[in-house]
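Below: one structure, written as structure tokens.
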Protein chains: 2
Amino acid sequence: MQERIECCDEHCVHPEILEHVKLEMPDEEALYDLAELFKVFGDTTRIRILYVLFESEMCVCDIAELLNMSQSAISHQLRVLKQARLVGNRREGKTIYYFLADDHVRAIIGQGMEHIEE
Amino acid sequence: MQERIECCDEHCVHPEILEHVKLEMPDEEALYDLAELFKVFGDTTRIRILYVLFESEMCVCDIAELLNMSQSAISHQLRVLKQARLVGNRREGKTIYYFLADDHVRAIIGQGMEHIEE
DNA sequence: ATCATATATGAACAGATGATCATATGTTTG
DNA sequence: CAAACATATGATCATCTGTTCATATATGAT
């Protein structure tokens, strides 16, 4: 007689909550984009780059020197950061300066810091 | 005569800014922890789990059913979320209910959403 | 005690990721 | 135009990650 014969027949949350959850879920594309965004923050090198840019815009070789890493490694990561629109850049002669794209970066990292400092 | 003979001798930011950046950087351990935290957010399954828990605490099999994934996969990811202290759980008989650990989760995901919706 | 149910866990494997190396592109200077 | 410099990029490789499968643990019911 019962439709659902597997687990969670009776013990769990009410069906209307399950329905409600399904309705409230953002669409798959947004969830995917969100995970992709956080992946970008989920790497020590990229976090360090972002922290460096908190203080001032900076060229690639300066970042590499500051973080004691190869120019190539930094360049690859700056590409990832730029694709995620977390940083922007501008050219001045041979040099390319990178800077934080917007204040969400600070906000997100700030919230993260609060959590781990608990 | 010059100490620094590589790139960035003259064109780039002033040395005092470089010094300032070095001083302002959080220590390596904090940066590592921060990256680890964002890694946890950087997966579609875990993001979806967190969104489900936005609405209500829920047991493992319900989450699995809602997300159309195996109980094992969900259990593995709940473990990761718990280790990052993003969710907590409580037992009620055979069932274990998971819930959001604190409001940083909402804040962080909210900021992330704002960014991708730009 | 035995069985069913809910969840957890370890091993294994495929796919993703990040640093390195070599090289390419683009800019300035002589 | 050639050389020097700043940056970007493609290939490679070792490592990490997430799912699956099989199995273990824990609780409740009979």
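Heavy atoms only: backbone and side chains are in, while hydrogens, waters and symmetry mates are out. What you are looking at is a predicted structure, and each value in this text was computed from that prediction instead of being measured.
Here D/dA6 sits opposite C/dT25 as a Watson-Crick or G-U wobble pair (both hydrogen-bonding atom distances under 3.5 Å).
Counting only residues at least two apart or on different chains, the side chain to side chain donor-acceptor pair (under 3.5 Å) pairs with a member in residues 36-54 of chain A are A/Glu36-A/Lys39, A/Arg46-A/Gln77.
Side-chain nitrogen and oxygen atoms of B/Thr45 include at least one within less than 4.0 Å of the OP1 or OP2 phosphate oxygen of D/dT19. At D/dA6, none of the side-chain N or O atoms of A/Thr95 fall inside 4.0 Å of OP1 or OP2 (strictly under the cut-off).
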Test A/Leu31 against A/Met25 for side chain to side chain contact (heavy atoms under 4.5 Å, CB included), laying out the working first. CA-CA 9 Å; A/Leu31 292 171; A/Met25 288 286 282; 4.0 Å; yes
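Nucleic acid contact for B/Ser75: base, since at least one base atom lies under 4.0 Å from a heavy atom of the residue.
Considering only residues two or more places apart in sequence or on other chains, B/Ser72 meets the side chain to side chain contact (heavy atoms under 4.5 Å, CB included) condition with B/Ser70, B/His76. Remark: B/Lys22 pairs with no residue by the side chain to side chain donor-acceptor pair (under 3.5 Å) rule, at least two apart or across chains. Contacts of B/Ala64 classified as side chain to side chain contact (heavy atoms under 4.5 Å, CB included), with partners at least two apart in sequence or in another chain: B/Ile74.
The side chain of A/Met69 lies closest to C/dA19, out of C/dT20, C/dG10, C/dA19. Of the candidate nucleotides C/dG18, D/dT7, C/dC21, D/dT7 has the atom lying nearest to any side-chain atom of A/Cys61. Considering only side-chain atoms of B/Ala73, the nucleotide from D/dT20, C/dT17, D/dG10 that sits closest is D/dT20.
In the interface, the side chain of B/Ser72 is paired with the base of D/dC21 through a donor and an acceptor atom under 3.5 Å apart.
Annotation: side chain of B/Val52 is not in contact with side chain of B/Asp62 (no heavy-atom distance under 4.5 Å). Contact annotation: the side chain of B/Leu53 approaches that of B/Ile63 to within less than 4.5 Å [non-hydrogen atoms, C-beta and beyond].
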What does the B/S/- profile of nucleotides 23-30 of chain D look like, 5' to 3', with a 4.0 Å heavy-atom cutoff to protein? ---SBS--
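Annotation: proximity of residues 78-88 of chain B to DNA chain C (heavy atom, distance under 4.0 Å) is found for B/Arg79, numbered in ascending order.
In this structure, A/Arg85 contributes its side chain and B/His115 its backbone to a donor-acceptor pair below 3.5 Å.
Distance CZ (A/Phe41) to P (C/dT17): 16 Å, rounded to an integer number of Å.
The minimum heavy-atom distance between A/Ala30 and B/Ile116, with the atom names listed, is O-CD1, 3.6 Å.
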